[in-house]
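Since the model is a prediction, treat every value here as computed from it, not as a measurement. Scope of the values below: all heavy atoms of this structure, side chains included, with no hydrogens, waters or symmetry mates. Proteins come first, then strands; the chains are lettered A, B, ... in the order of their sequence lines, and each starts at number 1.
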Amino acid sequence: MLKFFYFCKPINSNKIRNQMDYNFHEIEKKWQKYWEDNKTFKTPEDLTNPKKCYALDMFPYPSGAGLHVGHPEGYTATDIFSRYKRMKGFNVLHPMGWDAFGLPAEQYAIQTGTHPSIITNKNCDTFRRQIKELGLSYDWDKEINTTDPGYFKWTQWIFIRLYNTWFDDKLQKGRPVSELQIPENVSALGKKEVNNYIDSKRLAYYDNAQVWWCPTCRIVCANEEVLNDGTHEKCGNRVEKKNLKQWMLRIPLYAERLLKGIDTLDWPEGIKDMQRNWIGRSTGAEVDFKIEGLDKDLTVFTTRPDTLFGATYMVIAPEHPLTEAITTGENRKIVNDYIKASSLKSELDRTDLAKEKTGVFTGRYAINPVNKKKVPIWVADYVLTGYGTGAIMAVPAHDTRDFEFAQKFGLPIVCIQDPDVTDQEQKSRILKGEECWTEDGKYINSSDKSTGIDINGMNKEAGIDFVTRWLESKNLGKSKVNYKLRDWLFSRQRYWGEPFPVIHWEDGEITLLNENELPLELPELEKYLPGASGESPLSNSTEWLNVTDKNGRKGRRETNTMPQWAGSCWYYLRFIDPGNDKLPFDSTKEKYWMPVDLYIGGAEHAVLHLLYSRFWHKVLFDLGIVSTDEPYQRLFNQGMILAFAYETEAGAKVSVDLVEERDGKFYHKETGAVLRQIVAKMSKSLRNVVNPDDVVSKYGADSLRLYEMFMGPLDVVKPWDENGVKGVYGFLGRAFRFFSNPENVFEGEEDPEILKMLHKTIKKVGGDIESLNFNTAISAMMILLNLAYKKGKVTLKTADKFTQILSPFAPHISEELWSLLGHKGTITYEPWPEFNEDFMKEDVFEYPISFNGKMRFKIELPVSMAKDEIIKVVMADERTMKWIASCTPSNIIVVPNRIVNIVFKN
RNA sequence: GCCCGGAUGGUGGAAUGGUAGACACGCAGGACUUAAAAUCCUGUGGCCAUUACGGCUGUGCGGGUUCAAGUCCCGCUCCGGGUACCA
């Protein structure tokens, strides 16, 4: 600690100015106050400037732990971008807010009995203070908080719109339910059936659903919130299946739109792929199989209708609606036992199911439509109820899962494709049905006289097309597209979330509140603990809960609340006009600012938040509420920041501050034990958390910002290393000492070498900011500063420009230098310096001369020198003689201003 | 299993197919200092030489294309992320 004592010197020490140290404490405090007092970063009101930039961070959940060093990474990136755009003359919208509903605050409320809003607000205050100390150029007048009734009023308002919207499949567009045509056969059945029909079309619906239930959190989870080991992503505990009435959103109706929209976005390809995979579009056909002895068809979905001739059995999911009808008398017991066992199993451990396939025969047969052959129908839980039709035709020769199942139960495996494979042994195994083949090949055994179909000799693509059209023409099936994406479970049994503006009446009717009744606020409670059986704590609040309409009809409010995703689904829109109490936002402002030009956050939101948010946005777009089809034009994911952690040989974790390094080895300061260094996520248990507050007090916010950007490319995972902070801190100190010293800055003609480097640097830094390559931008500025040190002095103009290009990265020190260089006010709106290619031109180029591709020496030559002239000079050089000795060059490659390569044979 | 990333000095990382290792850390040496810290300067991939402005080698592994490959192609290994009976 003593080491840094000198930082505490007052800024007005009696040292003369050219010996002034870089006192970041004073400088940062001074300029943060200046910005706040002058509202420097206020969003421009003038919407006539055609250049606008909406730079957005994924707003944080304000946890009790405060900011960690991962937060400022993305925030600094968007901040540099925003500051740069301001200097380029853009109107910039750069806001920050709080995604403040969430379980931890509620958990705390349960333990302490205090209202969650109290701890939430306290946490927001901490986050705000910490963020302000980083010098981020947010317009704090735009701050929002999802738990503010003035905010969630509009979340409820959007929910009402989701409820009142249906999806017109023909137009591929959401429309108000008032425009929904009721089919005559439905309207004939009366009002109740009409309402049921409308409800079946709404984007939001209330229904009994088999849902994942986390007994620890006492909350249901969306499919996406359950990890593949069957645990809840929030708490890590095992979830169970439960049947509960819940609110659901019909996001799959927008699957095609969500999929197509991806192509128009400037997002990382990896994230786009993840969204595509999540939506999971697959094309194929639905095929109807007659069931022997039953007047019903068994419809299956398949992506390979071409393999119908290889279908040797059928499988239905245990929960399939026809299971009971299909099962014959003598098989009833064994099938029922199986269904029971598999339902129990799924509750215990789904993942174990993946290891060994199980199933039982129903006793009944279906008829294969292409050849009229009888195929047995089995029940097996490797077929899922929720996907396709919940039934499949099994083609073991050409599907690995079916192959496994058929092998286990001795079902026939008929190869119908001569595989495109060169290995003759493998080919023979496949043809004999001893190995599964899922790639392309020419059909065999694929014709039938009774039905007249014949695809023998065709390949996969032609076969799929042919069979699908044949099925359609015979009315036996149709082409079909399926999506993995499921309805979104949209309610949680919790207190600390947006209340649904919904009343359930005693007669079964559901009504939504009128807009003038919004916001529906949360009641004060004494107990925040939810019921063990799945009811929300809100059901304890009788006064709030029970309502009566003007006719005396009794009703209960919805006691579930919305999931945390709700608030973040549209917050970027509220930032545009956060104070509006008449509308969620003004549409003129929305048209101006949308879409978001740059959106930065963690890749952990690649699927959930970004998909949900895009879904809501598309609905709002269809309803004419927003002007763009997509919300986030350009997305970027910052990589996680890891940290070194230390453990003893036994594996015990040792706090970072108890470790000392000697000769590249690590020792425990107290025990002297040798320690292992590992790189891992920052976590309390590893005792390797780096607190940004500590970094700020030790090196300053500018150093923290600069280091986070200098560590490496923004999108990669990288380990925190305090020595790296020292490095950029040194750079800022050097810059400060150099430019604040009047002896180094003069008025007059600039040295040509500096001028050239300055203009190169301006170009490089500007380009790197646009492409978010901040690490190389910083190194370019370091090179320029090193050159300035070498030359000893620069012109005032150069000093100004250096300060300007540094300012988006390290704003405090830049403001201070700007005023020390004699300027008034803030540097924020100074125009970004122009670069002049003329100054960057080189007269000479140092040609690397290589022989057979190996660089041997260099010759400095004029850039304008012609190729044959260059060859002459190079061939005349005595070093060339040495390298080619007595050989004759067979070729001489000259790439102007790049390289000379002399090719010869030994 | 499938889909995406990645692998470069002691470390973080640079390199439109054209001088591999920019910049920074660390380390070594020097200057300043009574001394240390801070600061400034110099050197620094490895190996062999040290008489040289010297040679050899080098971007996970094995092939290939090219005058020229860290970069492009084919085949692997390892690491990270996502996803998983999705028919």
Quiz item: What does A/Val728 touch in the nucleic acid at a heavy-atom separation under 4.0 angstrom: a base, only the sugar-phosphate, or nothing?
Solution: nothing
Self-check item: Phosphate OP1/OP2 of B/C40 contacted by A/Tyr789 side-chain N/O (<4.0 Å)
Solution: yes
Quiz item: Contact class for A/Val895 (heavy atom, under 4.0 Å): base, sugar-phosphate, or nothing?
Solution: base
Quiz item: Taking it one step at a time, do A/Lys460 and A/Glu439 satisfy salt bridge (charged side-chain N to carboxylate O under 4.0 Å, His left out)?
Solution: CA-CA 8 Å; A/Lys460 188 166 155 183; A/Glu439 302 301 312; 5.5 Å; no
Quiz item: Taking atom P of B/G1 as reference, at what distance in whole Å does atom CG of A/Asp399 sit?
Solution: 17 Å
Quiz prompt | Parallel, tilted or perpendicular: rings of A/Trp378 and A/Phe409 (30°, 60°) | solution = tilted
Quiz item: Dot-bracket for RNA chain B, 5' to 3', counting Watson-Crick or G-U wobble pairs under 3.5 Å, with [ ] for crossing pairs and | for inter-strand pairs?
Solution: (((((((..(((.....[....)))((((((.......))))))((((.....))))..(((((..]....))))))))))))....
Quiz item: A/Tyr729 vs A/Phe24 aromatic rings, parallel, tilted or perpendicular, using cut-offs 30° and 60°?
Solution: perpendicular
Quiz item: A/Arg898 side chain: which of B/A14, B/U16, B/G82 is closest?
Solution: B/U16
Practice problem: Go through B/C25, B/G18, B/C3 for me and flag the one nearest to the A/Asn723 side chain. | Solution: B/C25
Practice problem: Could you check which of B/U19, B/A24, B/A15 has an atom nearest any side-chain atom of A/Met855? | Solution: B/U19
Quiz prompt | A/Arg879 side chain near B/C53 phosphate (N/O to OP1/OP2, under 4.0 Å) | solution = no
Exercise. Would you mind telling me which residue lines up with the more 5' stretch of RNA chain B, A/Ile778 or A/Gly390, judged by nearest nucleotide?
Key: A/Ile778
Practice problem: Measure from NZ or CZ of A/Lys357 to the centre of the six-membered ring of A/Tyr382, then state whether that distance is under 6.0 Å and the direction lies within 45° of the axis. | Solution: yes
Quiz item: Of the nucleotides B/C67, B/C3, B/C85, which has the atom closest to the A/Lys357 side chain?
Solution: B/C85
Self-check item: B/U19 phosphate, OP1 or OP2, under 4.0 Å from A/Arg856 side-chain N/O
Solution: no
Quiz item: Is there a side-chain polar atom (N or O) of A/Asn786 under 4.0 Å from OP1 or OP2 of B/A24?
Solution: yes
Practice problem: Using a 4.0 Å heavy-atom cut-off across all strands, classify A/Thr400 as base, sugar-phosphate, or nothing. | Solution: nothing
Quiz item: Does A/Thr776 make a side-chain N or O approach to OP1 or OP2 of B/C23 shorter than 4.0 Å?
Solution: no
Quiz prompt | Separation between the P atoms of B/C72 and B/G54, rounded to whole Å | solution = 33 Å
Quiz item: Just checking A/Asn775: base, sugar-phosphate only, or nothing, at a heavy-atom cut-off of under 4.0 Å?
Solution: sugar-phosphate
Practice problem: Would you mind classifying the nucleic acid contact of A/Phe710 as base, sugar-phosphate or nothing, using non-hydrogen atoms under 4.0 angstrom? | Solution: base
Practice problem: Mind checking A/Arg276 for me? I need base, sugar-phosphate or nothing, with any heavy atom below 4.0 Å counting as a touch. | Solution: nothing
Practice problem: With heavy atoms under 4.0 Å as the rule, sort A/Asn901 into base, sugar-phosphate or nothing. | Solution: base
Quiz item: Closer than 4.0 Å, any side-chain N/O of A/Lys854 to the OP1 or OP2 of B/U57?
Solution: yes
Quiz prompt | Any side-chain heavy-atom pair of A/Asp399 and A/Thr438 under 4.5 Å | solution = no
Exercise. Could you measure between the two P atoms, the one in B/G6 and the one in B/G13, and give it in whole Å?
Key: 13 Å
Quiz prompt | Rounded distance in Å - CG (A/Asp273) to P (B/G5) | solution = 7 Å
Quiz item: Would you find a donor on one side and an acceptor on the other, under 3.5 Å apart, between the side chain of A/Arg486 and the backbone of A/Lys484?
Solution: yes
Quiz prompt | A/Ile899 side-chain proximity, nearest of B/C56, B/A87, B/U19 | solution = B/U19
Quiz prompt | Euclidean distance for P, B/A52 against B/G63 (whole angstrom) | solution = 39 Å
Quiz item: Taking atom C1' in both B/U44 and B/C23, what distance in whole Å separates the two?
Solution: 15 Å
Quiz item: In whole Å, what separates the P atom of B/C2 from that of B/U57?
Solution: 39 Å
Exercise. State the syn/anti category of B/G9 according to its glycosidic angle, syn meaning within 90° of 0.
Key: syn
Quiz item: The side chain of A/Pro719 lies closest to which of these nucleotides: B/A87, B/G12, B/C85?
Solution: B/G12
Quiz prompt | Closest to side chain of A/Ile783, choosing from B/G82, B/U83, B/A22 | solution = B/A22
Quiz item: NA contact type, A/Gly270, heavy-atom cut-off 4.0 Å: base, sugar-phosphate, or nothing?
Solution: sugar-phosphate
Quiz item: Once the angle between the rings of A/Trp720 and A/Tyr707 is folded into 0 to 90°, is it parallel (under 30°), tilted (30 to 60°) or perpendicular (over 60°)?
Solution: perpendicular
Exercise. Starting at atom CG of A/Leu642, determine the distance to atom P of B/U11, rounded to an integer number of angstrom.
Key: 17 Å
Quiz item: B/C56, B/A87, B/G13: which one has an atom nearest the side-chain heavy atoms of A/Tyr387?
Solution: B/A87
Self-check item: Closest nucleotide among B/G13, B/A87, B/C23 to the A/Val716 side chain
Solution: B/G13
Quiz item: Nearest nucleotide by nearest heavy atom, which residue falls closer to the 5' end of RNA chain B, A/Gly730 or A/Ile893?
Solution: A/Gly730
Quiz item: Donor-acceptor pair, A/Ser850 side chain versus A/Val900 backbone, under 3.5 Å?
Solution: yes
Practice problem: Can you tell me, in whole Å, how much space there is between the C1' of B/U50 and that of B/A14? | Solution: 31 Å
Quiz item: Is A/Arg734 close enough and on-axis enough to A/Tyr789, meaning under 6.0 Å and within 45°, for cation-pi?
Solution: yes
Quiz item: On a whole-Å scale, what distance lies between the C1' atoms belonging to B/G58 and B/C47?
Solution: 10 Å
Practice problem: Write down the distance separating the C1' atoms in B/G9 and B/A68, rounded off to the nearest Å. | Solution: 24 Å
Quiz item: Quick one: which of B/A87, B/G13, B/C41 gets closest to the side chain of A/Lys718?
Solution: B/G13
